[in-house]
Colleague: 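After the structure tokens below, expect a handful of questions from me.
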Amino acid sequence: MSTTTEKQRNVLFILIDQMRADCLFGALADHVQLPNLQALMADAVTFTRNYTVVNPCGPSRASILTGQYAMNHRSVRNGTPLRHDTPTLPAEMRKAGYLPMLFGYTDTSHDPRVHHPNDPTVRTYEYPMAGFQEMLEMRLEMSHPWRAHLLGKGYTFDSYWDLYKPTAPDGGAAKLNDPAVYSADDSDTAFLTDRFLATMPGYSDQSWFAHLTYIRPHPPLVAPAPYNAMYDPSDLPAADRLGTVGEENAIHPFFVPATQAQTPASFVEGFPDLQDSEEVVQTLRSVYLGLASEVDAHIGRVMKYLRDSGQLDNTLVVLSADHGEMLGDRHSWGKFSVYNAAYHTPLIIRQPGNTTRAGAVVDAFTESVDLTPTILDWVGQEIPNSMDGRSLLPLLAGEVPENWRDFSISELDFADPEVPNIWQQHLGTTASDSCLTILRDARFTLVEFAANLPPLLFDRDNGGEHVNVADDPAYQADLMRLTRQMLRHRMRNMDHTLSLDSITSDGPRRQQRQPLSPR
């Protein structure tokens with residue numbers, strides 16, 4: 001529990017969509033201005049080895065908000081339903097007496113067994129998770145309030161997606177890093193923040209919980225001025241990639257569709273013939289970083305509000321991302337990958353009363369499933385047995401539990417159950433075996449496939465993610481050891497929703513789930 005003596009106990013849970021961890025610590029950190037996030041890090045605890053347990057957006061947020069691995073909640077794709085009776089963060093926060101306010105989106109696909117087929121709830125994967133009070137509908141594909149705001153300000157557009165096309169200031173042919181048609185004051189990021197700041201003063205006399213989710217720097221990659229030209233593409237480090245796509249594809253059959261599925265053209269509107277040149281890659285990376293800086297500026301506004309209103313020292317601030325982004329690394333875009341760039345995410349937690357730990361850095365492995373248990377633990381709400389994650393409160397206090405994990409696990413389902421996609425066509429896989437699991441420890445990364453495909457093994461001491469050593473005889477003992485770890489992890493973390501309940505002659509009984517050593 002927190003050491004604060006204040007009666008009010010607020011929770012602000014911020015997610016930034018598709019934000020790479022190395023924007024804060026790593027290859028891009030010295031090339032992007034994120035002063036407000038850096039200031040938060042100096043006043044909080046930063047977790048440098050935090051990974052999302054599943055990609056893409058919908059599954060990742062399902063895991064974050066249920067505390068469950070994808071192998072248990074099984075909402076494994078955008079559009080795959082989440083079971084209606086799954087314990088969730090908003091439902092558990094209601095038990096603790098909080099109104100779970102949502103500013104943004106959760107990308108939740110709802111259970112069709114409890115909704116009529118005509119119900120709008122089951123007509124989009126972007127619907128909010130049950131239990132949240134949707135304070136502002138702000139979804140990438142359905143942002144009707146933002147559209148109304150722009151129309152009210154005099155903007156005109158034939159199609160909603162025209163808003164995401166760069167526009168040449170002189171009216172000529174647009175360039176990739178030309179500004180958006182809207183001003184920075186009217187951007188989706190600004191609009192979301194404005195509405196949050198306009199709403200929250202009404203709740204300042206009570207304990208509140210708010211989930212604030214920023215779409216940016218998620219594509220389409222277009223930024224309002226001045227963020228569109230904030231960074232010179234030629235000043236940025238080049239993408240981490242082998243010389244040719246052919247060299248990437250030769251590493252493993254999975255990478256042939258991975259390098260083809262999403263291209264630079266799919267990351268920006270209005271440039272259907274865009275080629276994967278060095279200039280294009282660097283330009284898109286510069287726009288991405290501009291969008292990250294824009295989000296940072298508005299998070300600064302949020303933190304200023306908490307500080308000026310006297311609520312900062314009563315508010316647990318949890319900031320992370322749903323997943324990362326390849327951003328041209330390995331000749332790939334998006335998050336359908338096995339590489340760290342797609343899974344490594346920032347995690348910053350400012351806990352009231354934890355001033356002695358301000359600026360601390362934790363390098364123990366943490367996972368996205370830990371965020372909900374941490375929030376529940378801090379407000380004093382029991383963590384359901386269904387949740388696979390663990391509270392980070394001990395790590396926030398500078399204590400590493402003896403049985404803390406020494407590796408992280410991530411999953412990816414790359415199937416399309418409706419029409420076989422590029423992976424299924426190339427690999428000959430089905431909707432049931434088009435999936436993989438990633439295990440990362442201090443030295444190795446193991447990727448195992450459900451289909452009859454060879455594993456991948458990367459050794460950070462020998463080429464890292466650039467060299468697959470799975471077939472090297474010298475690594476067979478490591479391969480076997482890591483494979484057994486992966487199997488044991490799966491066996492130990494099978495769904496615990498009811499597995500510790502017993503029906504007895506005295507009625508139902510329940511034992512509390514205990515964390516196990518990962519070794």
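These numbers come from the heavy atoms of this one structure, side chains and all, not from hydrogens, waters or symmetry mates.
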Colleague: Do Thr199 side-chain atoms and Arg195 backbone N/O form a donor-acceptor pair below 3.5 Å?
Modeller: yes
Colleague: Any side-chain donor-acceptor pair under 3.5 Å between Arg390 and Asn403?
Modeller: yes
Colleague: What is the minimum heavy-atom distance between Tyr343 and Lys335, and which atoms define it?
Modeller: OH-O, 4.3 Å
Colleague: Between Asp377 (side chain only) and Leu392 (backbone N and O only), is there a donor and an acceptor less than 3.5 Å apart?
Modeller: no
Colleague: Check whether Thr315 reaches the backbone of Val317 with its side chain - one donor and one acceptor, N or O, closer than 3.5 Å.
Modeller: no
Colleague: Just checking, any donor-acceptor pair under 3.5 angstrom between side chains of His466 and Asp240?
Modeller: yes
Colleague: Say whether, by atom type as modelled, one donor and one acceptor occur between the side chain of Asn354 and the main chain of Leu396 under 3.5 angstrom.
Modeller: yes
Colleague: With a 6.0 Å cut-off on the ring centroids, do Phe365 and Trp404 count as close?
Modeller: no
Colleague: Quick one about Asn314 and Asn10 (side-chain donor to acceptor, distance below 3.5 Å, no hydrogens or angles considered), yes or no?
Modeller: no
Colleague: Less than 4.5 Å apart, any side-chain heavy atom of Phe271 and any of Leu176?
Modeller: yes
Colleague: Roughly how far apart are Asp441 CG and Arg460 CZ, rounded to 0.5 Å?
Modeller: 6.5 Å
Colleague: List the atom of Glu448, the atom of Pro455, and the distance in Å for their closest heavy-atom pair.
Modeller: OE2-CB, 3.6 Å
Colleague: Is a salt bridge present between Asp370 and Arg405, judged by a nitrogen-to-oxygen distance below 4.0 Å?
Modeller: yes
Colleague: Tell me which pairs pass salt bridge (charged side-chain N to carboxylate O under 4.0 Å, His left out) where either residue lies in residues 26-55, with sequence neighbours left out.
Modeller: Asp43-Arg350
Colleague: Any chance the rings of Phe196 and Phe103 have centres within less than 6.0 Å?
Modeller: yes
Colleague: Provide the full list of side chain to side chain donor-acceptor pair (under 3.5 Å) pairs with a residue in residues 322-333, sequence neighbours left out, each pair given once.
Modeller: Gln18-Glu325, Arg20-Asp329, Arg61-Asp322, Arg241-His331, Glu248-Arg330, Arg285-Asp329, Arg330-Tyr339
Colleague: Show your reasoning for whether side chain to side chain contact (heavy atoms under 4.5 Å, CB included) applies to Met486 and Ile438.
Modeller: CA-CA 8 Å; Met486 185 181 289; Ile438 307 166; over 6 Å; no
Colleague: Is the Phe132 ring parallel, tilted or perpendicular to the Phe209 ring (thresholds 30°, 60°)?
Modeller: parallel
Colleague: Decide whether Tyr475 and Asp459 meet the rule of one side-chain donor and one side-chain acceptor closer than 3.5 Å.
Modeller: yes
Colleague: Are Asp194 and Arg301 within salt-bridge range, i.e. N to O under 4.0 Å?
Modeller: yes
Colleague: Compute the centroid of each ring, for Tyr288 and then for His218, and state whether the two points are separated by less than 6.0 Å.
Modeller: no
Colleague: Report the C-alpha separation of Ser143 and Asp188 in whole Å, then their side-chain angles, then the decisive distance to 0.1 Å, and conclude whether the side-chain hydrogen bond (donor to acceptor under 3.5 Å, both in side chains) test is met.
Modeller: CA-CA 9 Å; Ser143 300; Asp188 44 4; over 6 Å; no
Colleague: Does any N or O in the side chain of Gln275 come within less than 3.5 Å of the main-chain N or O of Asp273, such that one atom is a donor and the other an acceptor?
Modeller: yes
Colleague: Side chain to side chain contact (heavy atoms under 4.5 Å, CB included) for Leu371 and Thr366? Distances and angles first, verdict last.
Modeller: CA-CA 9 Å; Leu371 304 188; Thr366 58; over 6 Å; no
Colleague: Test of understanding: with salt bridge (charged side-chain N to carboxylate O under 4.0 Å, His left out), list the residues that count as partners of Asp388, not counting sequence neighbours.
Modeller: Arg513
Colleague: Any donor-acceptor pair under 3.5 Å linking the side chain of Glu269 with the backbone of Pro220?
Modeller: no
Colleague: Do Glu247 and Asn249 pair up side chain to side chain, a donor and an acceptor below 3.5 Å, judged on atom types alone?
Modeller: no
Colleague: Quiz question: by atom type and distance under 3.5 Å, do the side chains of His149 and Asp186 form a donor-acceptor pair?
Modeller: yes
Colleague: Have Thr445 and Glu465 got a donor and an acceptor in their side chains that come within less than 3.5 Å?
Modeller: no
Colleague: Is the closest side-chain heavy-atom distance between Ile14 and Val318 below 4.5 Å?
Modeller: no
Colleague: Walk me through it: do Gln311 and Tyr305 pass the test side-chain hydrogen bond (donor to acceptor under 3.5 Å, both in side chains)?
Modeller: CA-CA 8 Å; Gln311 298 181 82; Tyr305 162 72; 3.0 Å; yes
Colleague: With distance as the sole test, does Ser368 use its side chain to make a donor-acceptor pair with the main-chain N or O of Val53 at under 3.5 Å?
Modeller: yes
Colleague: Please tell me whether Asn50 and Thr345 have a donor and an acceptor in their side chains that are separated by less than 3.5 angstrom.
Modeller: yes
Colleague: Please name the pair of heavy atoms, one in Leu412 and one in Ser337, separated by the smallest distance, quoted to 0.1 Å.
Modeller: CD2-O, 3.6 Å
Colleague: Quick check on side-chain hydrogen bond (donor to acceptor under 3.5 Å, both in side chains): which of His489, Arg490, Glu411 does Tyr69 satisfy it with?
Modeller: His489
Colleague: Are Leu140 and Asp17 close enough, and set up right, to give a side chain to side chain contact (heavy atoms under 4.5 Å, CB included), and what steps lead you there?
Modeller: CA-CA 11 Å; Leu140 177 61; Asp17 204 317; over 6 Å; no
Colleague: Side chains of Leu316 and Ile349: does their closest heavy-atom pair fall under 4.5 Å?
Modeller: yes
Colleague: Looking at side-chain heavy atoms only, is the closest gap between Met138 and Phe191 below 4.5 Å?
Modeller: yes
Colleague: Evaluate the criterion side-chain hydrogen bond (donor to acceptor under 3.5 Å, both in side chains) for residue pair Ser234 and Gln282; output intermediate values, then yes/no.
Modeller: CA-CA 7 Å; Ser234 64; Gln282 293 301 96; over 6 Å; no
Colleague: Tell me, do Phe444 and Leu457 make a side-chain contact under 4.5 Å, heavy atoms counted?
Modeller: yes
Colleague: Of all heavy-atom pairs between Pro145 and Leu136, which one has the smallest distance, and what is that distance?
Modeller: CB-CD1, 3.9 Å
Colleague: Do Asp178 side-chain atoms and Pro166 backbone N/O form a donor-acceptor pair below 3.5 Å?
Modeller: no
Colleague: Please report whether the ring centroid of Tyr164 lies less than 6.0 Å from that of Tyr160.
Modeller: yes
Colleague: Quiz question: by atom type and distance under 3.5 Å, do the side chains of Asp185 and Ser183 form a donor-acceptor pair?
Modeller: no
Colleague: Between Cys57 and Asp107, which heavy-atom pair has the shortest distance, and what is it?
Modeller: CB-OD2, 3.4 Å
Colleague: Looking only at non-hydrogen atoms, find the nearest pair between Pro179 and Pro224 and report the distance.
Modeller: CB-C, 4.5 Å
Colleague: Do Leu89 and Met93 come within less than 4.5 Å of each other through their side chains, counting heavy atoms only?
Modeller: yes
Colleague: Taking NZ, NE, NH1 and NH2 as the nitrogens, is one of them in Glu367 or Arg440 under 4.0 Å from a carboxylate oxygen of the other?
Modeller: no
Colleague: Checking Arg77 against Asn55 for the side-chain hydrogen bond (donor to acceptor under 3.5 Å, both in side chains) test, could you report, in this order, the C-alpha distance in whole Å, the side-chain angles of both residues, the deciding distance, and whether it holds?
Modeller: CA-CA 8 Å; Arg77 294 174 293 270; Asn55 280 342; over 6 Å; no
Colleague: Going through the checks in order, is the side chain to side chain contact (heavy atoms under 4.5 Å, CB included) test met by Tyr105 and Glu126?
Modeller: CA-CA 7 Å; Tyr105 57 101; Glu126 287 193 306; 5.6 Å; no
Colleague: Donor-acceptor check, side chain of His211 to backbone of Phe13, threshold 3.5 angstrom: yes or no?
Modeller: yes
Colleague: Ignoring hydrogens and angles, tell me if any N or O in the side chain of Tyr231 forms a donor-acceptor pair with the backbone of Gln33 under 3.5 Å.
Modeller: yes
Colleague: Do Asn72 and Thr66 have side-chain heavy atoms sitting under 4.5 Å apart?
Modeller: no
